Amino acid sequence: MKLIDVINKSKTPYISFEILPPLKGQSIDKLFSILDVLMQFSPPFINVTYHRSEFVYKEKAGGIFEKVAVRKRPGTVGICSAIMHRYQTDSVAHIICGGFSKQETEDALIDLDFLGVKNILALRGDPAKNEKHFEPEIDGHSYAIDLVKQIVNMNKGIYLDEDLKNAINTDFCIGVAGYPEKHYEAANYQSDLRFLKAKVDAGADYIVTQMFFDNQKYFKFVDDCRAIGINIPIIPGIKTITNKKQIYSIPKIFHIDIPDDLYKDIFNSKDDKTVCEIGCDWSIEQSKELIKYGVPCLHYYTMSNPEPIVKIIRKVF
Ligand code: FAD
């Protein structure tokens with residue numbers, strides 16, 4: 001089913017979980033053991049993240065170094081399909097521009113369509129490790145909007161091969177990312193909003209936000225989106241802090257603020273068990289307030305760690 005149809009039909013907010021593919025060399029059973037726990041809440045969707053290859057330099061004979069692409073996690077196509085078949089639930093495939101040519105993207109989308117995966121979160125992706133700035137592939141997309149346009153074209157039966165006759169129309173539901181605290185590369189908050197509006201005008205059906213810990217930032221973001229004519233659902237992304245290191249790593253990696261009250265409580269905690277309890281309580285309060293506000297769905301970044309999520313969902317829903 002398409003995510004936007006579930007949102008439109010649903011009278012109460014639903015739960016969506018985001019999971020990471022297992023590391024290469026690990027069995028999918030590890031992922032299934034996480035999902036077996038989360039499935040007790042009957043989420044209509046499981047989001048599967050995509051992780052681009054990293055480049056490493058390997059020494060060859062004669063002291064020459066060769067740049068080699070190393071893929072640490074498998075792609076989303078197989079995992080989305082495996083989840084759908086095992087749990088009879090829908091999945092959302094994260095597709096990124098980074099590391100892909102347009103043709104490779106088309107091939108991945110065709111595979112997803114064949115397998116019945118109807119939902120795509122269309123993203124640009126971050127710069128590859130070792131890169132200062134995002135570099136598209138030769139004949140790849142530079143921004144998420146270009147990926148949105150490619151998917152919209154396929155939904156109209158327009159593929160890259162212009163000579164294709166009677167090509168079928170895919171029927172993908174398209175999500176895009178939004179940033180209540182601004183994307184870190186954007187010149188300013190307003191320009192970031194305008195680029196978000198462009199993704200929506202290009203055909204996105206819904207937005208999922210970057211994690212935030214202060215609901216006021218989400219409320220303002222929604223108001224600002226509505227003010228410039230973004231009228232599609234805006235799904236809040238919730239992440240739970242589970243260890244002390246995250247009060248330093250989250251702002252650095254995701255370029256978001258941790259509210260001072262939360263920061264101080266975690267900073268003064270004696271161990272990570274206490275930190276996790278504080279983090280869960282914060283997510284519970286955040287979730288309750290967001291539901292009261294009327295959000296269509298709560299998107300939990302599980303980081304493949306189901307225990308805190310179970311605790312939160314039991315208290316919230
Ligand atoms: P874009 O919308 O392309 O925006 C990127 C930047 O460019 C922004 O600063 C924007 O303001 C600016 N911009 C946009 N269009 C233009 C233009 N035409 N000209 C100039 N500037 C422009 N990453 C992964 O690798 N895998 C994942 O699975 C993944 N899942 C995610 C899920 C969610 C819910 C979110 C919020 C993020 C996720 N990311 C993932 C991270 C995401 O790929 C990065 O945040 C990335 O840096 C930006 O992606 P985007 O799709 O928002 O990019």
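Order of appearance sets the numbers: ligands from 1, and atoms from 1 within every ligand. For clarity, every value in this text was computed on a predicted model and none was experimentally measured.
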Tell me the protein heavy atom at minimum distance from atom 25 (O) of ligand 1, and give that distance in Å.
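Scanning the protein heavy atoms, the shortest distance from atom 25 (O) of ligand 1 goes to Tyr50 O, 3.5 Å.
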Atoms of ligand 1, numbered as shown, that sit under 4.0 Å from any heavy atom of [X]:
{"X": "Thr49", "result": "28 (O)"}
{"X": "Ile96", "result": "24 (C), 25 (O), 26 (N)"}
{"X": "Val208", "result": "34 (C)"}
{"X": "Asp126", "result": "43 (O), 44 (C), 45 (O), 46 (C), 47 (O)"}
{"X": "Asp192", "result": "8 (C), 9 (O), 10 (C), 11 (O)"}
{"X": "Gln210", "result": "36 (C)"}
{"X": "Ala177", "result": "35 (C), 36 (C), 52 (O)"}

Region of [X] engaging ligand 1 - heavy atom pairs below 4.0 Å:
{"X": "Phe195", "result": "side chain"}
{"X": "Arg124", "result": "both"}
{"X": "Phe254", "result": "neither"}
{"X": "Phe134", "result": "neither"}

Any donor-acceptor N/O pair, Asp272 side chain to Thr242 backbone, under 3.5 Å
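Side chain of Asp272 to backbone of Thr242: no pair is present.
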Is there a donor-acceptor pair closer than 3.5 Å between any side-chain N or O of Ser10 and the backbone N or O of Pro296?
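It does not hold such a pair.
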Show the nearest heavy-atom pair for residues [X] and [Y], with the distance to one decimal.
{"X": "Ile258", "Y": "Ile247", "value": "CD1-CA, 3.8 Å"}
{"X": "Thr49", "Y": "His51", "value": "OG1-NE2, 2.7 Å"}
{"X": "Lys182", "Y": "Tyr189", "value": "CD-N, 3.5 Å"}

Examine [X] against ligand 1 and note whether any of their N/O atoms are separated by less than 3.5 Å.
{"X": "Ala186", "value": "yes"}
{"X": "His183", "value": "yes"}
{"X": "Tyr179", "value": "yes"}
{"X": "His51", "value": "no"}

Out of Lys199, Met211, His299, His94, whose heavy atom is nearest to atom 2 (O) of ligand 1?
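Looking at heavy atoms only, Lys199 sits closest to atom 2 (O) of ligand 1.
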Proximal candidate to atom 37 (C) of ligand 1 [heavy atom criterion; set Ile95, Asn188, Leu123]
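Checking each option, the heavy atom nearest atom 37 (C) of ligand 1 is found in Leu123.
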Counting only heavy atoms on the protein side, is anything nearer than 4.0 Å to atom 7 (O) of ligand 1?
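It does; a protein heavy atom is within 4.0 Å.
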Hey, can you tell me if Tyr248 and Tyr263 have their rings parallel, tilted or perpendicular (30° and 60° cut-offs)?
perpendicular
Could you verify whether a donor N or O on one side chain and an acceptor N or O on the other, from Ser16 and His299, lie under 3.5 Å apart?
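Looking only at side-chain atoms, His299 and Ser16 do form a donor-acceptor pair, the distance falling under 3.5 Å.
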Is there a donor in the side chain of Thr274 and an acceptor in the side chain of Asp271, or the other way round, less than 3.5 Å apart?
yes
Atom CE of residue position Met39 - does it have more than 12 heavy atoms of other residues, nucleotides or ligands inside 6.0 Å?
yes
